[in-house]
Peer 1: 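The structure is given below, and queries will be raised subsequently.
Worth saying up front: this structure is predicted, and the values here are computed from it rather than measured.
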Amino acid sequence: MSSTRPAVDLLQGTLDMLVLRTLLPGALHGWGISQRIQQVSADVLRINQGSLYPALHRLEEEGWIEAEWGASENNRKAKFYRLTRAGRKRLDEETLNWERLAAAIARVLETA
């Protein structure tokens, strides 16, 4: 039996919300977004590149994030993503929806 915690699979909308929230303080490149989510979640949430980059492209197409090329910490070319005004609004909406869903699930778990 392994003592490591299993990674948690995320629904697409949840991943989008986490990416938007991670970008709230400022721009990050894809690997930085993934690492920040993993760090803040105490290694419970691990976002693989096969999920992250399609989500970033989708968020960019929706106008919720913008990207520009820059240099990463190790001086490699990287695409940096930042939240747009529309992305901040979407994050607020998704956060409210998540809180409603989490409260509803908690009620069911308490009474079922």
Peer 1: Taking CG in Asn75 as the centre, count heavy atoms belonging to other residues, nucleotides or ligands within less than 6.0 Å. Is the count above 12?
Peer 2: no
Peer 1: Calculate, to the nearest 0.5 Å, the distance between atoms CG and CD belonging to Leu45 and Gln39 respectively.
Peer 2: 12.5 Å
Peer 1: Please identify each residue that fulfils side chain to side chain contact (heavy atoms under 4.5 Å, CB included) with Leu101, with sequence neighbours left out.
Peer 2: Trp98, Ile105
Peer 1: Can you tell which of Gln35, Arg76, Glu73 makes a side chain to side chain donor-acceptor pair (under 3.5 Å) with His29?
Peer 2: Glu73
Peer 1: Should Leu24 and Leu20 be marked as a side-chain contact (heavy atoms from CB on, under 4.5 Å) after you check the CA-CA gap, both sets of side-chain angles, and the distance that decides it?
Peer 2: CA-CA 6 Å; Leu24 188 60; Leu20 293 174; over 6 Å; no
Peer 1: Quick one: salt bridge (Lys or Arg N to Asp or Glu O under 4.0 Å) partners of Arg90, sequence neighbours excluded?
Peer 2: Glu93, Glu94
Peer 1: Working note: Asp92 + Thr95, criterion side-chain hydrogen bond (donor to acceptor under 3.5 Å, both in side chains); need CA distance, chi angles, decisive distance, verdict.
Peer 2: CA-CA 5 Å; Asp92 290 344; Thr95 300; 5.6 Å; no
Peer 1: Output the distance between atom CG (Leu91) and atom CG (Leu23), rounded to the nearest 0.5 Å.
Peer 2: 9.5 Å
Peer 1: If you define the side chain from C-beta out and look only at heavy atoms, does anything of Leu28 sit under 4.5 Å from Tyr81?
Peer 2: no
Peer 1: Can you see which heavy atom on Gly30 is nearest to which on Tyr53, and at what distance?
Peer 2: CA-OH, 3.4 Å
Peer 1: Closest approach of Asp43 and Arg46, non-hydrogen atoms and distance?
Peer 2: O-NE, 3.5 Å
Peer 1: Taking all non-hydrogen atoms of both residues into account, name the closest pair between Leu15 and Ser51 and its distance.
Peer 2: CD2-O, 3.6 Å
Peer 1: Between atom CG of Leu18 and atom OG of Ser34, what is the distance when rounded to the nearest 0.5 Å?
Peer 2: 11.5 Å
Peer 1: For a quick test of your reading: what N or O donor-acceptor pairs under 3.5 Å do the side chains of residues 59-68 make, sequence neighbours left out?
Peer 2:
{"unit_1": "Glu66", "atom_1": "OE1", "unit_2": "Arg82", "atom_2": "NH2", "d": "2.3"}

Peer 1: Between Leu56 and Val40, is there a shared hydrophobic cluster once you connect ILVMFWY residues whose side-chain heavy atoms come closer than 4.5 Å?
Peer 2: no
Peer 1: Taking the side chain as every heavy atom from C-beta outward, state whether Val19 and Ile47 have any atom pair closer than 4.5 Å.
Peer 2: no
